[in-house]
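First up is the structure itself, then whatever we jot down about it.
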There are 2 protein chains.
Amino acid sequence: MSHTLGIRQAQKQKTRQALLEAALGLLEEQSLSSLGLREVTRAVGVAPTAFYRHFRSTADLGVALVEEALGSLHAMIRTTVTAADTGDERIARAVQLIAGHVAAYPAHVRFIARERHGGVQPVREAIRDQLVRFAEEVRDELAKDAVSEGWSDADLLMLAHLYVDQMLVTASLFLESLDAPQEEQERIRQVATRQLRLIGIGRRHWLD
Amino acid sequence: MSHTLGIRQAQKQKTRQALLEAALGLLEEQSLSSLGLREVTRAVGVAPTAFYRHFRSTADLGVALVEEALGSLHAMIRTTVTAADTGDERIARAVQLIAGHVAAYPAHVRFIARERHGGVQPVREAIRDQLVRFAEEVRDELAKDAVSEGWSDADLLMLAHLYVDQMLVTASLFLESLDAPQEEQERIRQVATRQLRLIGIGRRHWLD
DNA sequence: AATTCCAGAGAACAGTTGTTAACTGGGTGT
DNA sequence: ACACCCAGTTAACAACTGTTCTCTGGAATT
């Protein structure tokens with residue numbers, strides 16, 4: 001099944017990956033809707049027309065980037081939430097996890113935060129769909145918890161979305177503070193921690 | 001003081017306003033970083049060079065749009081939060097208020113949601129600054145409440161930011177559902193209501 | 001009534017864009 | 001060894017972009 005793909009398809013995927021990474025880099029200081037096809041190929045060092053061998057348009061490339069970027073966020077969100085339900089020190093650890101991920105993959109986080117509400121419809125939809133799936137996973141994780149006894153499925157999902165959104169907001173704040181004084185990052189860390197704690201408290205008293 | 005500005009400056013402000021509104025319309029299906037100067041003037045019906053009489057660049061126009069768009073959000077956020085602290089039916093009313101505002105000024109909401117993390121730095125900063133000021137107002141409003149006794153100023157501000165962010169998330173969801181079946185809007189309304197309720201519960205038990 | 005001012009028009013600039021077409025040359029299956 | 005395939009190239013296209021300079025006509029000032 002895992003057929004060793006020939007040196008031809010290998011080279012193609014290599015170029016494709018180069019296009020994706022070049023685009024991600026160029027998107028640091030602009031949005032996808034202003035990203036030019038030629039701009040990307042120029043950054044990679046291939047002819048403009050080579051672009052069409054991989055993507056129909058830059059919007060198409062954007063959809064591909066969603067998979068790439070959210071694939072890395074996937075692990076973060078899961079581990080974050082599963083750790084965030086209980087004690088305070090575990091919440092703090094979860095926030096630290098977010099900060100670490102932002103520092104490791106800033107371009108991914110930036111892309112998702114920017115294009116989630118961006119000007120390219122197919123990309124918005126792709127991100128929305130993926131985030132819904134994330135929220136469902138988080139809900140399943142929350143359901144395993146003892147605190148979730150007596151909760152309806154819908155309410156667990158609404159809490160899951162609250163967590164996911166809060167995580168993205170926090171990630172975006174960390175991103176903007178990447179080259180700011182460390183005391184600023186510390187401040188963000190503390191606020192995010194307390195916001196998660198407050199949500200956790202609301203969760204524990206939901207069924208009163 | 002309120003000098004009746006001559007028919008000259010009046011005409012200028014009229015054109016300026018036309019440029020702003022045309023831009024807001026064009027931004028329905030793209031981001032600011034891809035908005036062209038000529039595109040805007042063409043929509044208004046003036047020469048491209050007339051643009052420079054009002055704005056240095058499209059980024060400059062974007063900053064001006066922030067004032068315009070957040071001016072209308074201003075009232076909404078305040079009334080929403082001041083109503084959201086207590087009983088359930090008041091929370092529901094607050095959510096309905098958000099939905100109404102989104103229906104009344106969809107372009108404003110879209111612009112803020114899109115450009116908050118968009119590709120134009122000065123605009124991002126302008127939005128961030130305004131949202132900080134909003135959060136401070138919300139904090140002052142929260143402080144007046146009986147539930148806030150014993151709260152530190154920092155904690156009130158962190159709750160205020162939580163409310164503001166939650167409001168923007170909800171507004172963006174309503175926006176995307178503008179031409180969706182009404183049952184979808186109803187679903188969003190219900191989830192948002194419960195999320196605000198959960199935050200409110202967390203707030204009441206914060207000092208345990 | 002004469003003069004200054006200035007929002008907007010007009011024309012032209014070099015540079016960019018997406019897309020089409022025909023071509024090249026090395027990997028691939030027979 | 002052969003013929004096919006196809007990722008990437010080259011060249012050219014009309015259309016578009018931001019920006020500069022010069023000009024105009026009516027409002028504003030004196």
Side-chain angles (χ1 to χ4, degrees), chain A residues 1-23 25-65 118-123, chain B residues 1-23 25-65 118-123:
Chain A
M1 303 303 116
S2 81
H3 186 254
T4 307
L5 66 177
I7 105 172
R8 186 142 171 198
Q9 302 234 354
Q11 186 52 247
K12 179 173 183 181
Q13 294 236 7
K14 203 171 157 188
T15 316
R16 185 189 141 101
Q17 198 60 30
L19 288 170
L20 287 172
E21 281 169 19
L26 290 167
L27 285 174
E28 185 166 343
E29 38 203 7
Q30 64 181 314
S31 328
L32 182 64
S33 82
S34 66
L35 183 67
L37 162 168
R38 299 182 95 108
E39 203 177 345
V40 180
T41 57
R42 192 186 312 131
V44 174
V46 298
T49 47
F51 186 91
Y52 292 105
R53 299 288 176 192
H54 303 274
F55 309 102
R56 208 178 303 265
S57 63
T58 55
D60 200 29
L61 176 144
V63 173
L65 274 179
V120 184
Q121 204 203 29
V123 173
Chain B
M1 300 300 118
S2 82
H3 185 256
T4 308
L5 67 176
I7 106 172
R8 185 138 172 200
Q9 302 237 350
Q11 185 52 247
K12 179 172 184 181
Q13 295 237 5
K14 203 171 158 189
T15 314
R16 186 190 140 101
Q17 198 61 28
L19 288 170
L20 288 172
E21 281 168 19
L26 290 167
L27 285 174
E28 185 167 341
E29 39 202 7
Q30 64 181 313
S31 325
L32 182 66
S33 81
S34 65
L35 183 69
L37 162 168
R38 298 181 96 109
E39 203 177 346
V40 180
T41 57
R42 191 186 313 131
V44 173
V46 298
T49 48
F51 186 91
Y52 292 105
R53 300 286 177 195
H54 303 274
F55 309 102
R56 207 178 306 265
S57 63
T58 54
D60 200 28
L61 176 144
V63 172
L65 274 179
V120 184
Q121 204 202 30
V123 174

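When reading the values below, keep in mind they use all heavy atoms of this one structure, side chains included, and skip hydrogens, waters and symmetry mates. Below, read A as the first sequence line, B as the second, and so on, with proteins coming before strands; counting in each chain starts at 1.
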**Asked** Can you tell me how far C1' of D:dG8 sits from NZ of A:Lys12, to the nearest Å?
**Response** 11 Å
**Separation of atom CZ in A:Phe51 from atom P in D:dT9, rounded to whole Å** = 14 Å
**Request:** Indicate yes or no: at least one non-hydrogen side-chain atom of A:Leu37 is less than 4.5 angstrom from one of A:Ser57.
**Result:** no
**Prompt:** Which nucleotide sits closest to the side chain of A:Ile7: C:dG27, C:dA12, D:dG8?
**Reply:** C:dG27
**N/O donor-acceptor pair, side chain A:Arg8 with base D:dC6, under 3.5 angstrom** = yes
**Request:** May I ask you to verify whether the side chain of B:Thr49 and the base of D:dT20 hold a donor-acceptor pair under 3.5 Å?
**Result:** no
**Fill in**
Rounded to whole Å, the CZ-C1' distance (B:Arg53 to D:dG25) equals 13 Å
**Message:** I want to confirm an ordering. Mapping B:Ala47 and A:Gly36 to their closest nucleotides on DNA chain C, which one lands closer to the 5' end?
**Reply:** B:Ala47
**Request:** For B:Ser57, answer base if it contacts any base atom (sugar-phosphate contacts may also be present), sugar-phosphate if it contacts only those atoms, and nothing otherwise; contact means non-hydrogen atoms under 4.0 Å.
**Result:** nothing
**Prompt:** What's the NZ-P distance between B:Lys14 and C:dG8, to the nearest Å?
**Reply:** 11 Å
**Asked** Expressed in angstrom and rounded to an integer, what is the separation of B:Arg42 atom CZ from C:dA9 atom C1'?
**Response** 16 Å
**Request:** Give one of base, sugar-phosphate or nothing for B:Tyr52, where a contact means two heavy atoms less than 4.0 Å apart.
**Result:** base
**Request:** Using only side-chain N and O atoms of B:Thr15, determine if any of them is under 4.0 Å from OP1 or OP2 of C:dA7.
**Result:** no
**Item:** Flag side-chain contact, heavy atom, 4.5 Å: B:His54 against B:Lys12
**Value:** yes
**Prompt:** Hey, does B:Thr41 have a side-chain heavy atom less than 4.5 Å from the side chain of B:Tyr52?
**Reply:** no
**Prompt:** Expressed in angstrom and rounded to an integer, what is the separation of A:Leu19 atom CG from D:dA7 atom P?
**Reply:** 13 Å
**Request:** Supply the atom-to-atom distance B:Phe51 CZ to B:Thr15 OG1, rounded to the nearest 0.5 angstrom.
**Result:** 13.0 Å
**Message:** Rounding to an integer number of Å, can you tell me how far A:Gln17 CD sits from D:dA7 P?
**Reply:** 17 Å
**Prompt:** Nearest to the side chain of A:Arg38 - C:dG8, C:dG18, D:dT17?
**Reply:** C:dG18
**Request:** Would you mind reading off the distance between B:Arg56 atom CZ and D:dG18 atom C1', rounded to a whole angstrom?
**Result:** 15 Å
**Prompt:** For B:Ser33 and A:Ser34, does a side-chain donor sit closer than 3.5 Å to a side-chain acceptor?
**Reply:** yes
